[in-house]
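Whatever order the structure lists them in is the order used to number ligands and atoms, beginning at 1.
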Amino acid sequence: MIVFHVNNETQTLKLGQVIGQNLIPGMVICLKGDLGAGKTTLTRGIVKGSGIGSHVTSPTFTIINEYEGKYKLYHIDTYRIESPDEMIDLGVENYLPAGDGVTVVEWPELIEDLLPEDRLTLTIVSYGFHERKIIVQVHGKNPSYEKLLQELKNHDSIGD
Ligand SMILES: Nc1ncnc2c1ncn2[C@@H]1O[C@H](COP(=O)(O)OP(=O)(O)OP(=O)(O)O)[C@@H](O)[C@H]1O
Ligand SMILES: [Mg+2]
């Protein structure tokens, strides 16, 4: 586990960017945090770090947005999912994990049963207008996630 304390949106974007630079297809990144905590902001950084030039919009209504770079990046927001049937219709489980890309999930707690064992979870806790505590945790035993966590430890100055 590693904890970052960030003081502004730029630092959150930077953390996302470092994560994006170290992802490999098949990885699942779960973003937890209250409304407005900064999950989509982190995703913007991840998309940028992945080398994808696209403008990221929140998939709140579309549920899944797809970006294409050196691999695909699926951005899922489960907030408005109303029933298990809707998840099946959307084929959400096909992205958990995706064979050809990385998956970022906002509100993973709403699809807990569908989450793969191996995944990275970032939990964002707001404690001021701009201040956020971001807890990064590895689930499962896939060494790729541990490697990513070690890489993040080299960037623990992000919140300074
Ligand atoms: N340190 C910070 N990191 C990220 N966002 C910040 C920070 N400080 C302020 N903000 C502001 O908080 C808001 C975060 O919005 P964002 O859409 O990323 O949240 P979210 O967690 O995706 O919300 P939702 O649950 O509605 O999808 C933005 O308006 C951003 O400018
Ligand atoms: Mg969001």
Within 4.0 Å of atom 29 (O) of ligand 1 (strictly less), any protein heavy atom?
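No, no protein heavy atom sits under 4.0 Å from atom 29 (O) of ligand 1.
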Starting from [atom], which protein heavy atom do you reach first, and at what distance in Å?
atom: atom 14 (C) of ligand 1; value: G36 O, 3.3 Å
atom: atom 15 (O) of ligand 1; value: T41 OG1, 3.9 Å
atom: atom 12 (O) of ligand 1; value: R132 NH2, 3.3 Å
atom: atom 20 (P) of ligand 1; value: K39 N, 3.4 Å
atom: atom 19 (O) of ligand 1; value: G38 N, 3.2 Å

So which bit of [X] gets within less than 4.0 Å of ligand 1, heavy atoms only: side chain, backbone, both or neither?
X: E131; answer: neither
X: D34; answer: backbone
X: N8; answer: backbone
X: H130; answer: both

Which ligand 1 atoms does W107 reach within 4.0 Å, using its non-hydrogen atoms?
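Those atoms are 25 (O).
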Using a strict 4.0 Å cut-off to heavy atoms of F129, name the atoms of ligand 1 that fall inside it.
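Counting from 1, the qualifying ligand atoms are 8 (N), 9 (C).
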So does R119 pair up with E112, basic N to acidic O under 4.0 Å?
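Result for this pair is yes, salt bridge flagged.
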Protein N, O or S atoms less than 2.8 Å from the Mg ion (ligand 2), ignoring waters?
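Only T40 OG1, E106 OE1 fall inside 2.8 Å of the Mg ion (ligand 2).
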Do the ring planes of Y74 and Y95 sit parallel (below 30°), tilted (30 to 60°) or perpendicular (above 60°)?
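Correct class here is tilted.
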Out of T10, T12, L13, L31, who is nearest to atom 3 (N) of ligand 1 when you count heavy atoms only?
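That would be T12.
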Can you list, by chain and residue number, the hydrophobic cluster partners of W107 when the side-chain cut-off is 4.5 Å?
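Noted: W107 shares its cluster with L35, Y79, L110.
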